[in-house]
Amino acid sequence: MTGPEIELMVNAFKALADASRLRMLGLMAERERSVEELSSLLDLKGPTVSHHLARLKGLGLISMRAEGNTHLYRLDGDALHALNRDLLTPDKLAAVTADVSGEAWERKVLRDFFDGERLKEIPASRKKREVVLRWLASHFQPGLRYPEKEVNVIIGRHHPDFATLRRELIGAELLRREAGVYWRAE
């Protein structure tokens, strides 16, 4: 999720995290309302109502029309549905943390299983093992071909069981092999 999308989501949640604004939306969902009417119904001062309306209008959740000197506000149901559809889905909410939580968790796994560049042990957990294998695969240059002996040396710098790790790299499709020659998968 991009910075502007996250900012829009934060602003939407901030705007909707106010009881007065939620009550206003409820009243405007019934029918159009003026500032004076909202002020009276919610026991708020006119400038306070205008402030809340500006926040809701900034999100595009309400529209305004003039009738003489009076401004009438109403809920834009389509905009509310669009906000829900565009921001409040499990995928969108998960995307907010995708970069942060995934990278942080991977860094933690690498810290836990490595002492410097030495792999202390091969993780039993498949997910943790995948993190370690991706790290090992990054030590192979894309486009270069490596004889098996060289692959063993590169992996052996990090852990003595290079044969197991080599097979795991092939199984995870991080390295490819043909006739004793290895290369990093694209």
Side-chain angles (χ1 to χ4, degrees), residues 1-114 123 125-143 172-174 184-186:
M1 183 174 269
T2 66
E5 287 175 315
I6 291 174
E7 190 65 28
L8 175 62
M9 185 180 281
V10 168
N11 288 335
F13 282 129
K14 282 181 180 178
L16 296 174
D18 184 274
S20 295
R21 285 193 277 270
L22 288 175
R23 286 195 290 270
M24 283 182 193
L25 286 173
L27 290 168
M28 289 182 288
E30 294 172 353
R31 65 178 176 81
E32 290 180 317
R33 307 282 182 161
S34 68
V35 171
E36 293 77 24
E37 189 177 3
L38 289 168
S39 176
S40 174
L41 289 168
L42 297 172
D43 195 27
L44 295 172
K45 297 198 182 304
T48 303
V49 170
S50 294
H51 167 76
H52 289 310
L53 290 171
R55 291 287 304 268
L56 295 171
K57 194 165 193 249
L59 275 177
L61 291 178
I62 61 172
S63 60
M64 186 268 304
R65 73 176 182 85
E67 189 175 278
N69 290 335
T70 303
H71 292 155
L72 296 172
Y73 296 87
R74 70 176 177 85
L75 174 68
D76 184 340
D78 292 338
L80 183 62
H81 288 297
L83 181 69
N84 182 45
R85 181 188 65 243
D86 295 342
L87 296 180
L88 303 177
T89 65
D91 291 341
K92 286 287 187 172
L93 292 173
V96 171
T97 62
D99 294 341
V100 175
S101 64
E103 290 173 11
W105 181 78
E106 287 185 7
R107 284 191 304 272
K108 181 188 179 318
V109 168
L110 293 173
R111 275 193 317 269
D112 290 348
F113 282 91
F114 280 88
S125 159
R126 181 184 54 80
K127 286 187 157 203
K128 292 176 182 178
R129 190 169 49 249
E130 287 173 359
V131 171
V132 168
L133 292 173
R134 281 194 300 275
W135 183 87
L136 283 172
S138 73
H139 289 77
F140 294 90
Q141 296 296 317
E173 298 182 353
L174 295 168
R184 186 169 160 186
E186 295 301 318

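Side chains included, hydrogens not; waters and symmetry mates left out as well; all remaining heavy atoms used. Because the structure is a prediction, the values reported are computed rather than measured.
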To the nearest 0.5 Å, atom NE2 of His71 lies from atom CD of Glu32 at 12.5 Å
Under the 3.5 angstrom rule, does the side chain of Ser138 hit a backbone N or O of Trp135 as a donor-acceptor pair?
yes
Does any non-hydrogen side-chain atom of Leu75 lie less than 4.5 Å from one of Leu56?
no
Output, in order, the C-alpha distance, side-chain angles, deciding distance and verdict of side chain to side chain contact (heavy atoms under 4.5 Å, CB included) for Leu44 and Leu38.
CA-CA 8 Å; Leu44 295 172; Leu38 289 168; over 6 Å; no
Kindly indicate whether the side chain of Arg55, heavy atoms from C-beta on, has any atom under 4.5 Å from the side chain of Met24.
no
Just jot down the salt bridge (charged side-chain N to carboxylate O under 4.0 Å, His left out) partners of Glu7, sequence neighbours excluded, or say none.
none
Gap separating the CG atom of Asp18 from the CZ atom of Arg23, nearest 0.5 angstrom
8.0 Å
Chi angles and distances behind the side chain to side chain contact (heavy atoms under 4.5 Å, CB included) call for Leu42, Leu27
CA-CA 10 Å; Leu42 297 172; Leu27 290 168; 3.9 Å; yes
Answer whether the closest heavy-atom distance between the side chains of Tyr73 and Met64 falls below 4.5 Å.
yes
Should Phe140 and Leu174 be marked as a side chain to side chain contact (heavy atoms under 4.5 Å, CB included) after you check the CA-CA gap, both sets of side-chain angles, and the distance that decides it?
CA-CA 10 Å; Phe140 294 90; Leu174 295 168; over 6 Å; no
Distance, nearest 0.5 Å, that separates CG of Asp43 from OG of Ser20
10.0 Å
Which heavy atom in Val132 sits nearest to a heavy atom in Pro123, and how many Å separate them?
CG2-CG, 3.7 Å
Can you tell if the side chain of Leu16 reaches within under 4.5 Å of the side chain of Leu83, non-hydrogen atoms only?
yes
Scan Arg126, Lys128, Lys127 and name whichever one has a salt bridge (charged side-chain N to carboxylate O under 4.0 Å, His left out) with Glu130.
Arg126
Determine whether Arg21 and His51 satisfy the following criterion, side chain to side chain contact (heavy atoms under 4.5 Å, CB included), listing intermediate values before the conclusion.
CA-CA 10 Å; Arg21 285 193 277 270; His51 167 76; 4.2 Å; yes
Can you measure from CD1 (Ile62) to NE2 (His52) and round to the nearest 0.5 angstrom?
11.5 Å
Taken to the nearest 0.5 Å, the spacing of Arg33 CZ from Leu53 CG works out to 12.0 Å
Any donor-acceptor N/O pair, Arg184 side chain to Gln141 backbone, under 3.5 Å:
no
Pairs where residues 69-81 contributes a residue and the test salt bridge (charged side-chain N to carboxylate O under 4.0 Å, His left out) is met, not counting sequence neighbours:
none
Rounded to the nearest 0.5 angstrom, the CD-CG distance for Glu36 and Leu41 is 11.5 Å
For Gly46 versus Ser39, what's the shortest heavy-atom pair and its separation?
N-OG, 3.7 Å
